[in-house]
Every structure is written in structure tokens, then in C-alpha cells.
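In what follows, chains are A, B, ... by sequence order, proteins preceding strands, each numbered from 1.
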Amino acid sequence: MSRYSAAEIEAKWQQAWDTAGIFRARRDATRPKYYVLEMFPYPSGRIHMGHVRNYTMGDVVARYKIATGHNVLHPMGWDAFGMPAENAAMASGGHPKDWTYANIETMRAQMKPLGLSIDWSREFATCDPEYYGQQQALFLDFLDHGLVYRKNAVVNWDPVDMTVLANEQVIDGKGWRSGADVERRELTQWFFRISDFAEELLGALDTLDNWPAKVRLMQENWIGKSRGLQFAFGLIDGLEGHDRIEVYTTRPDTLMGASFIGISPDHPLAKRLEAECADVAAFCAEARKGGTTAEAIEKAEKLGFDTGLRVRHPFDTAWELPVYIANFILMDYGTGAIFGCPGHDQRDHDFARKYDLPIIDTFLPLEGAHDIHATPYVPLKSERVRYTRLVAGEEIQTGEAGVETAIDFCEAKGVGQGVTKFRLRDWGLSRQRYWGCPIPVVHCDTCGVVPERKENLPIRLPEDVSFDAPGNPLDRHPTWAACTCPRCGAPARRETDTMDTFVDSSWYYARFTAPHAATPTDMAEAEYWMNVDQYIGGIEHAILHLLYSRFFARAMQITGHLPAKAIEPFDALFTQGMVTHSIYELTHNQVDTGIAGSGPEADTKFEEYRRSETRLPTYLFPEDVIEFTDSFGEKKALKRSLVETNEGISINTQMLESAWLREFEAGTEVRIIPSAKMSKSKKNVVDPSTIIAQYGADTARWFVLSDSPPERDVEWTAAGAEAAHRHLSRVWRLASEIAQSDAPANPEDETLLREMHKCIDDVTKGIDSFGFNAAIARLYAFTNTLAKSQAGQAAKSTAARTLAQLMSPMTPHLAEDVWSMLGGENLVTIAPWPVADPQMLIDETVILPIQINGKRRAEISVPADLPESEVEKIALAHDAVVKALDGAQPRKIIVVPGRIVNVVL
RNA sequence: GCCCGCGUGGUGGAAUGGUAGACACAGGAGACUUAAAAUCUCCAGGCCCUCGGGCCGUGCCGGUUCGAGUCCGGCCGCGGGCACCA
């Protein structure tokens, strides 16, 4: 072999790792353990570049930790339940199970050539009965400990598909598949008591030092702790059982600005009135119709219905306020009722104007006047306000302190009490779907809801199901639900709901520590391997997945499935960016624009045409496109097919340009839309398998790490991949040249070895801090140094072997090949990580820039250990300094050893 | 509406308060070659220049400092999260 052949060496070294079994993780008390985990993939069909980036980062960490003497656990599995499998079954008639396992096969086969340091013996899919059976066991233990319960809940119900929809599946109030008007229905569902842990989940965020601040903040906002006052308005002429309305407010300091009471259409009082009055019933029905999506909420008009009921203000019994049922009040936050304060709240203000209610200002602004009735209405920020008129003659300060003062004031007057509320609600886990983990309970006519016995687990999904009718196939299965009551033995019926797939991913990290255990976890294994030392995944899971996992870790501890130390399961979290790519949009023939040629007018017309609804964009795959830079330095793209007809003839820029111009005039040019998330519909995707076949896995790995910081998006470009491959070829070539060289030792050796130690230091720091792009830049620089070095063979060989070690986390196959080529012992993967010699990091002479008044004016070369006073002398003697001083004495001289000299005039 | 983050060459991006632009892409010049590919060498923030160098420059304005891309305050722009949450 005389040149770098990725295909050859990658197969060879993967085989070698396999044979050596070095990625098998076993407990070992003699070495520190390290558990690195990437968020496991959903088996959608094929892997994409985002996967490659994610797993490569995890692999860099894993391999680095192996080299630094850790006992590494690096597992992989499949988040395999979920709707796409059912959708595929509905679309093409197959079975979700077959679809899923076939995808897993394909993706595993695509993943293995990446050369990841994965312990494949621990692989599982969440749809394996061995896994979901243990999940059912967990559920039963949670049930036992009161961590899961049943209650009625309002859900989005698709009457055609006969299923519950998630909020994201409701588009403009219609089901995303059926297009039917979505109804709000009350169903009995299972819930995890995550809200009981709100305070704990919030407080513990402070302990997660190695999580991105952004993620912690997002969780904090999601949990949404608020402090306020809960109190009641007494009803005048109340109904039986309803003599008061409880409200919650975070702004008790604005209590004197109250002008109405609003209650949710789902409030018990509203429901009571609904039963008695057709008008109320009609209003409530209409109000409940509104979708729960962001857009629906944005557009929705604030509507109210005056119930005719009146309440008394707690601080002034003569003050009567009307009670409205309003469509913007949520039943599941606070008490489902509010007091409206139009002077200090945008929504209440809109509402008050619409229904002609009083708008009362309770603030005394610090400066200037505040017109509460101005149009447009500008709510006054409390920081700019001094006092609030809480009660005539008694004023309190506003702001955060003001809220506490107001609460104290109200409590002292016997009006309500201060309470803390959370936005976080219990986690509804019931799904009316087939392809999920069956909820292991039985409904018995005499015993009610009865937990299944553990010895009957797993409750397996039936295989003979059909997807040709809407609804849940488990529901209409002829025999599956039929069972006997575990308590009384009478005929009973199984629960046909399955679990939310977020449940599956909430504990898989724990299962990886003992994937074949007969219980959900094995405490000895969990004690050894937990926690995950480094977790890596997309920011899109910042809230739900990570919060649910944190809840599960706590619940599993309570139920004895995880040790105390695993209360926070992920010690460190890294959220990586996406892989993006330009989009190539093929413009259509522009006949109907009526404009030919170019110029601003044509451009405007063309823009209009581009945006017209009738025109559907057509996209081209990157491999069907040739990019080039025209003579004006602008990036252009051409259909590859147009160029390939010219095969055999050399193609220059001029030819590409004229071809492009012809296309442009025909109105069929390829437009380049810059960098966007890879998406099949836009065709801006690059298949990892194609890249691996073309360049090898190391090139793909190197490129996804090299161009951008890991937390940011990286743009995949053909040129970039090409360049990465060129560099790896160069390293390989360099190594083989060194292997054959016989250059004798010489004075250059020392210089090269010093550079090598600096490189070790920089790369080690880079990997330690997730600065993979910086580490790679450093490796480029060192390769350049090595290539130009005149050092002897021995020194160059040492340098190249070290280069191989430093590259091995990123490009492990190439590294092994270089290592063995240069006589490295055993496998580079298990060779101890090189350590920089501190002596070698210190240069004998340093170049110090000299600043005059903070501006760089000259530089001097001095011995590194020269005392400051000597450096000062040399600097003062420098021509530039002498000239600037012009005989005068400097006011001050700052010498930063090894860094800089600043002379202040 | 509330909360958070980010603005550096043509591009991606480097830079513990200490020489801004490392490294790479795209670009330019050259060597080798019949030619191409491959490879190698060199140039490259902007503006001036007497070829020594000079001036400007990290979104804008101000501040702290001997020294600011970095710290502080205020704008402008972009991006993200949450959201009829009372």
C-alpha cells in the first residue's frame, strides 16, 4: 500500500479492536470508572450527519478517557417506540415491529463503520420485551410508592383517528393527520407525580456545575416557581356550595386596582352555571374549542361572559366587582380564577376596554405622569414606581420586596396567605397508541384498577394487530385485553393505553449499567457505574427528556433501583450543535414573470414570482450539484448533469460560468440558500454512508469536529470534507516517509521535540475542555511543523507517533496505522496518553512585544529567565523607545514576564 | 409580554485582561508536469506609503485599566427558550 486507503485500514483496525475486545466494559476496582453516553437514537431509518457528530464527540471523550487510564463504559441502544413506526405501518401496511427492527439493523450497520468505541454487548432497544418488561416493573413500584396515579385530564381528542393528540399535533385546531376539528375531552389518564419534586428539581439545578447554564435556566423557567398571595372574594348572593371565589396573584401590591373577577370555563362555578343556563353553556363550549397551540393562543380574542354574580373586595365591603367567565383563564394554574387589574396588566387591560370595565391606577410613578388610559396602553414597570396604594392611607413599596410586604400586610389583615406555586404540572404518561410500553394494570369490575403481578411481566404487545382502522389497535384486538383480575380472579380487562415514549428514555442510562439484569437495575453495577460522567446530546432535549430523567433518578432511588449518589444521573452535560448544509433550489422557468434579462426590475418581479403561492420549490441533492466561484468571487451552483456531459474535456471556470449563464437565462438556475438544518424535504442532506464510502470514517469524524466549536452548528461542505481527507492523506504519507527515512540525529531534533510537547499540552487541554476544533487546529499546525522539520528520523518518528496518539480520539483508524507503521507498541487506542514535559514547554528565548502607551511599536528577543529589571533595560535601550521618549523619563514601565512590555510616557 | 445568548476578514472560526485574525475553506501568484490530477512554495483585514514603515480596525456610543474582542453601563442588530402561567 503506497497511499492512504481509508477503506483498507478502517476495516483492518476495527477488526483488531474487536479481537482485542478492548471496548467491553467490566467492573474493575483498580481503575477509575468513566461512563460516557450520547443520547441514543430513534431508529428512523438511516443515520444522519447529526448522529455522526454526536457519536464522534462521545467517542473522542471515551477514547481519551481510555488512554488516560479510565475504565470506560460507552454503550449504545435504540429509543425504539413511537409514532413514526405506526405511521409507517398505516402508510405501507407493514408491522411497526418489523419496521423498527429493520431500521435498527440498517442503522447499526451504518454506525459500525464509524469505528466507535462502543460496548455492543450492552445494546438494547426500548421495544425489546426484556426492556419494557423491566419498565413495567418500575411502574408497579412507582405505583406502590404513590409516585404515579390516575386522574381526569383534558386532552386534545381527534374524533376521526380516535386518539389523543399532543399539542404539537394540533394544527389550527385540527388534527395533523385527519384534519378533523380537535375536541377537548376529559379522559382518565395516568400521571407521574413530578410536581411533588418541583422544589427539589429546581434547587438541585445549582449542583449541576458541569451543565450548560442555558439548560439549567431553561429548566428553571420550565419549573416556574412563583410567589404570591392566595385569597378569596366573597360572593354576594352566592350559590349553594359557592360562597367565595379563591384567586391567586403574584401581584398582591396591585390589589386596589381590581376591577373584575375572571374564572376559567372549567372552573367548578362555571360548570355549575353551565348546567343551569344555556347561554353560559354555549359560551363555555365555544371557549373550550380554542386550540392549545401557540398560534391559536396568539390569535384568540379575549372573550368574557358576565355571569351577573358579584363579589365584595376584601378591603372594602362596599366595593362590588362583577364575575366573568373568560376564555383566557386556565383551570390548571393557580386556582382557575383571577382578579383582573386592567391598570397593570396587558390582558386585563384589553378585557376591560372590551367590556367597559373601570381601569384603576394604583401606582405613584417616580417621575412624570403615567396615563393609564393612553392608547396604546403601556403597562408601567414596577421598578419605576415608588408606592402602591394598597388601602387608602396605607402605602407600600412595589417590586419583589413589595410583593412580600403586600403578602405580610394581607396576612395581617386576615386576607389570604402567601403561597408558592409552580408552573410544572404532573406528567401525563397515557397514550392511546399501540407501539409503546403497555401500562401493566388490569380493570376489574369488582376490584377496580388492579396492578398486574410482577411474575406476569412483561405484558407483551400482541403481534397480530392491524392499522387499517383509526384508533388504538390494542383497544379493538379481539383477545389481548381479556385477562383475569390479579386480586379476585374474575374476568377482567387490561389497560390498553401505553406509556409516553419519554418514559423509555428516562431510565435507559441506568439500564445500560446492567442491561441483562432480571430486575430493572443491578444495584452493585449501578453503584459502580453511575453516574453518567459525560452526557452528550442535542439542546432540543434541554427540558423534557432531561427533567424527566432527573425525576426518574429520584423515583428509582425511592423505589430502591438506584443508589443515593445517582440522585442527579448526569454529572456533566454537553449540548452539541447541528450539522447544516446549503440548500440548492432549482428555479422554475420564469415565462409567466414576463420579464427577461436582469436588473432591479427583473429581480423584483422574480422575487414576487418566487414567493407566489402557486410555485412549489424544487430542490437538488448536494451530490447532483457542482459549486464553483465565478470570476467576481461569487459562489454559484450548477446541475452536475450539465457538466458531466462534457466528460473527458477539462472544465474551467469560464465554461462553468457560461453554462451557468445559459441556465440563468432559461430561468432554471440553481440558487444557493445558505446553511440550514439538514432536512430530507429540502434535500440538503449528506448520507454518512456515502461519505464513508468516498473518504472513510476518519475523514467524516475529523471534519464534523474541525470546523466549528462543538456547541455550535457546523456546516457540511464538500470542499471541507475534501480538505479533511487531504490532510489525513498527508499525515499518512508523512508517516510512511518517516518510516523509510534514515536521516541522522541533528540539532533540529530538540526544536521538533519542544514543539511536540507544546502540542501535547494544547491538545490535551483542548480535549479536556470540549475545544475539539481548537485541538484539531493545533494538530494541523503541528503536522505543518513536522512536515517542514529537518530533524533526524528518530525524533521525527517520536513526533509522528505522538501525533498519532493525539489524533487517535478523533481519527482512530489512521492513528493505529501510523502507530504501527512507526513501530508503536500494541494498539495506540490503549497506549497511555502522552504527557507534556513541563521543561519542554518553556522556551529558552522569548519574543516580547514592546508597547508604547499601549500600542505595539517594537519587539525584542530575550532569554526567558531574564530578570524583569534586565528586560526593562533592554526595552528602554530600544531605538523605538529612545525615539519616543526623546530624552524624557518614562512615567511607568510594565513588564509582564514572558508576555509583554509596556512603556508609559 | 417575560427570560437568555451572540455580534471578530469573502467564509467557518482562534485569542488565562497582554503581539487580534491561529488553523482551515474559498481566492491569488508560482514550482513540478507534454497536459491534467496529485504534490510543494509563497501572498492574503482595510487604507496610505518615500518600501523603513504609518494610520484605522473585533456592531455603535461611553466608562474602568499602563493595556479591552475579552470587564462595566447604554444603544442597535441577530438568534434562542417560555408564554393567555394571573
Side-chain angles (χ1 to χ4, degrees), chain A residues 3 212-215 217-222 224 226 228 247-251 254 262 264 290 292 294 296-298 300-302 326-330 332-341 345-348 350-351 379 421-425 539-540 542-543 627-629 631 633-635 649-650 674-675 703 706-709 712-715 717-724 726-727 729-730 733 762 765 771 773-784 787-788 847-859 890-896 898-905:
Chain A
R3 47 186 291 263
K214 182 184 180 162
V215 173
L217 192 73
M218 280 162 78
Q219 294 222 346
E220 187 183 324
N221 290 339
W222 186 263
S226 74
V247 300
Y248 171 72
T249 178
T250 55
R251 296 299 304 276
T254 64
S264 164
T292 47
I297 286 161
E298 195 89 24
E301 201 187 348
K302 311 235 170 322
N327 64 346
F328 64 93
I329 297 160
L330 306 172
D332 43 12
Y333 187 80
T335 60
I338 60 155
F339 78 83
C341 180
D345 181 279
Q346 180 74 59
R347 281 174 324 220
D348 296 349
D350 296 346
F351 192 85
K421 290 213 185 278
F422 293 91
R423 212 188 68 104
L424 182 67
R425 289 177 237 160
I539 187 78
E540 66 273 20
I543 298 173
E627 267 196 31
F628 67 99
T629 309
S631 42
E634 262 183 58
K635 261 209 181 132
I649 308 162
S650 71
S675 204
F703 180 70
S706 67
D707 248 28
S708 295
R712 251 186 264 180
D713 292 350
V714 65
E715 179 168 19
T717 61
E722 193 75 53
R726 212 183 307 137
H727 178 73
S729 306
R730 187 173 177 230
R733 195 168 354 101
D762 289 343
K765 282 177 184 159
N773 58 324
I776 283 179
R778 194 61 187 79
L779 288 165
Y780 266 107
F782 183 59
T783 305
N784 290 341
K788 285 176 188 166
I847 293 168
L848 290 184
I850 299 179
Q851 293 185 332
I852 296 171
N853 283 343
K855 283 194 189 288
R856 186 181 170 281
R857 282 293 180 267
E859 60 182 36
R891 282 204 306 162
K892 201 171 177 183
I893 302 175
I894 290 122
V895 178
V896 184
R899 280 291 186 182
I900 207 160
V901 180
N902 193 7
V903 180
V904 187
L905 299 184

Counterpart base for [N], defined by Watson-Crick or G-U wobble contacts under 3.5 Å:
{"N": "U39(B)", "answer": "A31(B)"}
{"N": "C82(B)", "answer": "G1(B)"}
{"N": "C47(B)", "answer": "G54(B)"}
{"N": "G10(B)", "answer": "C25(B)"}
{"N": "C75(B)", "answer": "G59(B)"}

Using only atom types and a distance under 3.5 Å, with no angle test, would you say the side chain of [X] pairs donor to acceptor with the backbone of [Y]?
{"X": "Ser264(A)", "Y": "Leu330(A)", "result": "no"}
{"X": "Arg891(A)", "Y": "Leu905(A)", "result": "yes"}
{"X": "Asp348(A)", "Y": "Cys341(A)", "result": "yes"}

Is [X] touching bases, backbone alone, or none of the nucleic acid, heavy atoms closer than 4.0 Å?
{"X": "Gln851(A)", "result": "base"}
{"X": "Ala774(A)", "result": "nothing"}
{"X": "Val904(A)", "result": "sugar-phosphate"}
{"X": "Asn784(A)", "result": "sugar-phosphate"}
{"X": "Lys788(A)", "result": "sugar-phosphate"}
{"X": "Ile776(A)", "result": "nothing"}
{"X": "Ile894(A)", "result": "base"}
{"X": "Arg730(A)", "result": "sugar-phosphate"}
{"X": "Arg778(A)", "result": "nothing"}
{"X": "Tyr248(A)", "result": "base"}
{"X": "Asn773(A)", "result": "sugar-phosphate"}
{"X": "Asn221(A)", "result": "sugar-phosphate"}

With rounding to the closest Å, how many angstrom separate the [atom1] atoms on [N] and [M]?
{"N": "C3(B)", "M": "U58(B)", "atom1": "C1'", "answer": "27 Å"}
{"N": "C42(B)", "M": "A20(B)", "atom1": "P", "answer": "24 Å"}
{"N": "G62(B)", "M": "G53(B)", "atom1": "C1'", "answer": "33 Å"}
{"N": "A14(B)", "M": "A24(B)", "atom1": "C1'", "answer": "11 Å"}
{"N": "G30(B)", "M": "G18(B)", "atom1": "C1'", "answer": "38 Å"}
{"N": "G12(B)", "M": "C6(B)", "atom1": "C1'", "answer": "16 Å"}
{"N": "A83(B)", "M": "G13(B)", "atom1": "C1'", "answer": "35 Å"}
{"N": "C56(B)", "M": "G9(B)", "atom1": "C1'", "answer": "14 Å"}

With syn defined as a glycosidic angle within 90° of 0 and anti as everything else, classify G67(B). anti
Anti/syn call for G81(B), syn if |chi| within 90°: anti
Heavy-atom check, side chain of Asn853(A) versus side chain of Val904(A), under 4.5 Å: yes
